[in-house]
Amino acid sequence: MKSEPEAYSIDDLAGDGTTHWDGVRNYQARNLMRDEMKVGDKVLYYHSRLRPPGVVGLAEVVEEAYPDHTSWDPDSNYFDPKSTPEEPRWFMVDIAFVRKFDRMVSIDELKEYPELADMVLLNRSRLSVQPVTPEEYEFIVALAERPHE
DNA sequence: GCCAACGTTGGC
DNA sequence: GCCAACGTTGGC
């Protein structure tokens with residue numbers, strides 16, 4: 001899951017403990033949250049729009065998808081008039097802070113490894129919620145635990 | 001701040 | 001249902 005740290009960083013998540021991942025207004029990202037994300041699933045937390053951007057830590061799904069109430073709140077930035085409590089269009093999950101990496105694994109570093117060449121992050125980078133394979137996940141967690149040469 | 005990629009909207 | 005216009009994202 002990606003977030004601009006100025007908007008909501010992993011430190012914000014650490015402070016809050018859990019948060020609901022509201023404001024996603026992309027169908028592919030919504031479908032992933034609604035159909036794929038289960039309680040206990042691990043989440044790589046990615047800070048976008050930094051120089052450089054990168055994976056900064058881990059979170060975990062603690063509540064499966066339910067309607068994103070900000071979508072029918074006219075005062076919200078995420079208001080969508082086509083979404084109603086009766087027929088919600090947008091969904092969110094709740095995630096909990098797991099840990100922050102000792103160091104950020106930058107996108108440049110991810111690009112160095114053929115094991116990660118097929119990552120959605122490196123190919124369809126604009127999706128704000130993306131699938132990660134177990135192999136990619138383990139690889140990145142291992143990277144974070146040793147210094148980058 | 002620029003701009004390429006890409007998703008969405010809406011006129012026809 | 002096509003596609004041009006427009007808006008957003010996000011690396012750089």
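On a predicted model such as this, the values are computed, not experimentally measured, just so you know. All heavy atoms count here, side chains included; hydrogens, waters and symmetry mates do not. All chains are named by letter (A, B, ...) in the order of the sequence lines, taking the proteins before the strands, and each is independently numbered beginning at 1.
- Atoms OH (A:Y78) and C1' (C:dG7) sit 16 Å apart, rounded to a whole Å.
- The phosphate of C:dT9 has neither OP1 nor OP2 within less than 4.0 Å of any side-chain N or O from A:Y46.
- With 3.5 Å as the limit, one finds a donor-acceptor pair spanning the side chains of A:T70 and A:R25.
- Which of B:dG7, C:dG11, C:dC12 sits closest to the side chain of A:R51 comes down to C:dC12.
- Whole-Å rounding puts the A:Q28 CD to B:dT8 C1' distance at 13 Å.
- Taking atom NZ of residue A:K2 and atom P of nucleotide C:dT8, one finds them 16 Å apart after rounding to whole Å.
- Residue A:R124 places at least one side-chain N or O under 4.0 Å from the OP1 or OP2 atom of B:dG7.
- For the pair A:L122 CG and B:dA5 C1', the computed distance is 16 Å after rounding to whole Å.
- In this structure, a donor-acceptor pair under 3.5 Å is absent between the side chains of A:D73 and A:Y78.
- Comparing B:dT8, C:dC12, C:dG7 by their closest approach to the side chain of A:R126 singles out C:dG7.
- The ring of A:Y27 has its center closer than 6.0 angstrom to the ring center of A:W90.
- Checked for salt-bridge contact, A:R99 and A:E145 meet the test: a charged N lies under 4.0 Å from a carboxylate O.
- Per the geometry, CH2 belonging to A:W90 stands 10 Å off C1' belonging to B:dT8, to the nearest Å.
- Distance, A:R25 CZ to B:dT9 C1': 17 Å, rounded to whole Å.
- Listed candidates were C:dC12, B:dT8, B:dA5. Nearest to the side chain of A:K111 is C:dC12.
- Counting only distance, with no hydrogens or angles, the side chain of A:D12 and the backbone of A:E6 share no donor-acceptor pair below 3.5 Å.
- The distance from atom CE of A:M104 to atom P of C:dG11 is 10 Å, rounded to the nearest whole Å.
- Rounded to whole Å, the distance from CG on A:N77 to P on C:dT9 is 11 Å.
- When the side-chain nitrogen and oxygen atoms of A:K82 are compared with OP1 and OP2 of B:dT8, none of them lie within a distance under 4.0 Å.
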